[in-house]
Amino acid sequence: MRFSNLLIPTLKEVPNDATLASHIYLLRGGFIQGVGSGLYNFLPLGKIVLDKVRAVVKEELDAVNAQEVSLGFVTPASMWRESGRFEKYGKELLRFTDRKNNDFVLGPTHEEMMVNMVKQTVKSYKQLPLNLYQINLKFRDEIRPRFGLMRGREFLMKDGYSFHANEDDMRREFALMEETYKRIFTRLGLEFRVVEADSGAIGGSGSKEFMVLANSGEDTIVVCESCEYGANIEAAIRADVTCSEAVPSALFSKVSTPNIKTIDELGEFFKVNPYYIMKSVAMRALYDEGRSEIVLFILRGSDTLEETKACNAIKANELVEVSEADLNELGLVVGFMGAVEQKIDIKIIADNSLQNAVGMICGANEIDYHFVGASSEAMNISSYDDIAAVLEGDVCSCCGGKLTYTKGIEVGHIFQLGTRYSEPLKAEFLDENGKTKPFVMGTYGIGVSRLLAAIIEQHHDEKGCIWTKESSPFDLHIIVSNSKDENQTTYANSIYDELKKSNISVLIDDRKERFGFKMKDCELIGIPNILIIGQKLDDGIVELKERTKEDGVEFKIEAILAEIKNRI
RNA sequence: CGGAGUGUAGCGCAGUCUGGUAGCGCACCUGGUUUGGGACCAGGGGGUCGAAGGUUCGAGUCCUUUCACUCCGACCA
């Protein structure tokens, strides 16, 4: 393609709302254009990259017998009511009505639609297994869209769904998808890690996330230094936590703790390790149909509440803050909250690490008083669960190694769904004994547009993008140093034609601009291989440069074609 | 949702405190010079100042309302 014919509106200045490298360079390189909060247009270059990434995804999926379909973007709300997700999915689900006042949703994911499609057409176990996918727009009304393509509201996603006659076959497909996803991300040139994950609103049991490692990632992942264990913080587990300091010995009693409210202050005041202090976190839990209740979560002072785990422990949709007034009404005193001798009637969930705990310090629900020598026995605990966040330095439950944090960008997520959707939606088939059974399902997603951002997050420098081989919009960028030099132009055109014949995609900068100007654009756009045709052409020499390297290498024009083919 | 901030030309900004002809840089158009690191000279086009209402002889500027966008937080008790 000729630069002069393409719409590539590169920007010299950084749009003021962009903070992340991928956002900045995708905008500045003329790949995308912002049109509203979390909404982007893809300009010609961006569209080419998107299509290339999409093609890699499709090739690998088709190679393992997945079949591409395309589902309607607008989904009747009735399907979402049947699955129970109309309420469950929360505010991210964009709902609207048509002129006849029927409810619809803009699909954030398409389990319901796909199950419906299969239910109408698949009746026998002989038609199974099936793996159907689509690569289509999704809409999620994010609380706070940010970082460009990383967390937009409208985005391109590959969502796949598999249907099986039994659990074993579903697990086989799950493993196959894991391998396929690894191939896809490897081909795209990404450094990533597969981690254990929480299933969230999608539901189901085992799920794994594919995390591209990048400091700008929004997810915290816990990895083991010694073994392969890796998990999203929302799902990470650890070996039992212990404390090297002895249990403080104290008889159960109420102690005056004037204005001592925080865990740190308490630790200081009593000279005990926070491990022996009980932290009480009150949250309002939201359920379906607007129901809500206040729940008290009890942890060791050395831990912090992991909200997703806490949410799962009580099967709530969401946890939100509670106002101080609401707490006071229940008899909970901010700064001195506790669950010992608790007379108030609310749900109290304690972390597993508190089972059989003794010698603890906790709030007395009275201003300026705490209890010492408290035990979990004395508390009116509804149930124990894993609700604490794994901390850096905790011990790996697999190998005893040390756990650390790293940041990741979630680009893929695969779930073992089981019959979570097929049962409520009555998607059934006849097995070999003629018995009716719900499909056993898996679901598999890839954030295709987010991948563009992830690639740039991992591959850029201070000058601009550096696309990987399979994601680059073109194989080669030709710079004609002086477009008014007839020699250069003639030669550039002839090599451009020859490369095209060899099926190498080329962007040729034929604009009547100065050399420096074109180089800046070239670096911003980030095609990995650059051919510079300059003054030395008169001596039969041109320069081949890699985007990642400072200097290029000179070649005689007789040798250049073979060299380019060799590199690409 | 809570807090903070910003809306003025395609982009980045000044002007707002103290009301009085709409500005600057980049980009764009014309002509010329220049062509290995975002050139130069000359000329030119482009904005109902986010929207609505109000105060005033007069509002980008003051008041009220509203919309949009961005950032930070929503991990303490």
Side-chain angles (χ1 to χ4, degrees), chain A residues 7 9-20 23-24 27-28 30 33-39 90-91 143-148 153 220 233-234 257 259-266 274 277-284 286 294 296-299 301 303-311 318-324 326-328 332-339 362-363 365 367 370 387-391 463-464 479-485 488-489 509 511-524 530 532-537 541-543 545 550-552 554:
Chain A
L7 178 64
T10 56
L11 303 168
K12 190 143 86 172
E13 291 179 271
V14 187
N16 80 21
D17 54 347
T19 50
L20 222 54
H23 192 189
I24 291 170
L27 284 168
R28 285 192 55 204
Q33 182 185 51
V35 287
S37 182
L39 304 173
K91 288 186 182 159
I143 319 171
R144 194 179 154 205
R146 60 190 127 175
F147 305 145
R153 289 195 292 176
T220 298
I233 185 99
E234 295 175 350
T257 51
N259 209 28
I260 306 289
K261 294 182 178 180
T262 66
I263 298 293
D264 284 351
E265 287 163 1
L266 280 167
I277 301 172
M278 281 199 249
K279 178 188 281 190
S280 309
V281 182
M283 302 287 276
R284 180 174 292 280
L286 306 182
I294 291 176
L296 197 59
F297 296 97
I298 314 286
L299 305 144
D303 280 327
T304 57
L305 185 71
E306 169 42 56
E307 259 189 56
T308 303
K309 288 181 180 177
C311 211
E318 202 186 342
L319 294 179
V320 295
E321 260 185 54
V322 194
S323 70
E324 205 167 319
D326 284 353
L327 292 177
N328 291 339
L332 292 165
V333 181
V334 174
F336 305 93
M337 257 191 253
C362 73
N365 275 323
I367 290 176
H370 279 82
I387 56 170
V390 170
L391 301 169
K463 293 173 179 166
I479 302 264
V480 184
S481 174
N482 181 354
S483 305
K484 282 197 182 160
D485 183 314
Q488 290 181 20
T489 310
D509 195 342
R511 295 174 300 171
K512 291 181 175 47
E513 295 287 351
R514 296 164 66 90
F515 177 76
F517 187 87
K518 293 192 208 181
M519 277 311 291
K520 291 290 184 196
D521 272 355
C522 167
E523 283 155 352
L524 205 46
I530 303 150
I532 300 168
I533 297 166
Q535 290 156 342
K536 286 196 180 168
L537 179 68
I541 289 171
V542 290
E543 183 182 331
K545 186 179 171 305
E550 197 56 44
D551 298 306
E554 294 185 342

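This structure is a prediction, so every number in the text was calculated from the model and none was measured. Order of the sequence lines sets the chain letters (A, B, ...), proteins ahead of strands, with each chain counted from 1.
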More than 12 heavy atoms of other residues, nucleotides or ligands under 6.0 Å from CD1 of A:Ile367: yes or no?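 Atom CD1 in A:Ile367 is not crowded, with 12 or fewer foreign heavy atoms closer than 6.0 Å.
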Nearest whole Å is fine: how far is B:C69 C1' from A:Phe147 CZ?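 Interatomic distance, CZ of A:Phe147 to C1' of B:C69: 16 Å.
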To the nearest Å, how far apart are A:Glu550 CD and B:G37 C1'?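 Answer to the nearest Å: 11 Å.
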Which distance, rounded to the nearest 0.5 Å, do you find between the NZ of A:Lys520 and the NZ of A:Lys12?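 One finds 9.5 Å between NZ of A:Lys520 and NZ of A:Lys12.
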Rounded to the nearest 0.5 Å, what's the gap from CD1 on A:Ile277 to NE2 on A:His370? Could you check?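 Spacing of CD1 (A:Ile277) from NE2 (A:His370) equals 8.0 Å.
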Distance below 4.0 Å between A:Arg514 side-chain N/O and B:U34 OP1 or OP2: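 No, A:Arg514 has no side-chain N/O under 4.0 Å of OP1/OP2 on B:U34.
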A:Ser483 side-chain N/O to B:U35 phosphate OP1/OP2 under 4.0 Å: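 For B:U35, neither OP1 nor OP2 has a side-chain N or O of A:Ser483 closer than 4.0 Å.
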Check every strand shown and say whether [X] touches a base, only sugar-phosphate, or nothing at a heavy-atom separation below 4.0 Å.
{"X": "A:Ala282", "answer": "base"}
{"X": "A:Glu306", "answer": "nothing"}
{"X": "A:Gln488", "answer": "nothing"}
{"X": "A:Arg28", "answer": "base"}

Listed by chain and number, what are the salt bridge (Lys or Arg N to Asp or Glu O under 4.0 Å) partners of A:Arg153, not counting sequence neighbours?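 Only A:Asp141 meet the salt bridge (Lys or Arg N to Asp or Glu O under 4.0 Å) criterion with A:Arg153.
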The criterion is salt bridge (Lys or Arg N to Asp or Glu O under 4.0 Å); which residues satisfy it with A:Glu265, sequence neighbours excluded?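 Result, salt bridge (Lys or Arg N to Asp or Glu O under 4.0 Å) vs A:Glu265: none returned.
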Whether A:Ser481 side chain and A:Phe515 backbone form a donor-acceptor pair below 3.5 Å: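 No, A:Ser481 side chain to A:Phe515 backbone: no donor-acceptor pair under 3.5 Å.
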Show the distances under 3.5 angstrom between N or O atoms of the protein and N or O atoms of nucleotides 26-30 of chain B.
none

Quick check: any donor-acceptor pair below 3.5 Å linking the side-chain of A:Arg146 to the base of B:G73?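 A donor-acceptor contact between them is absent.
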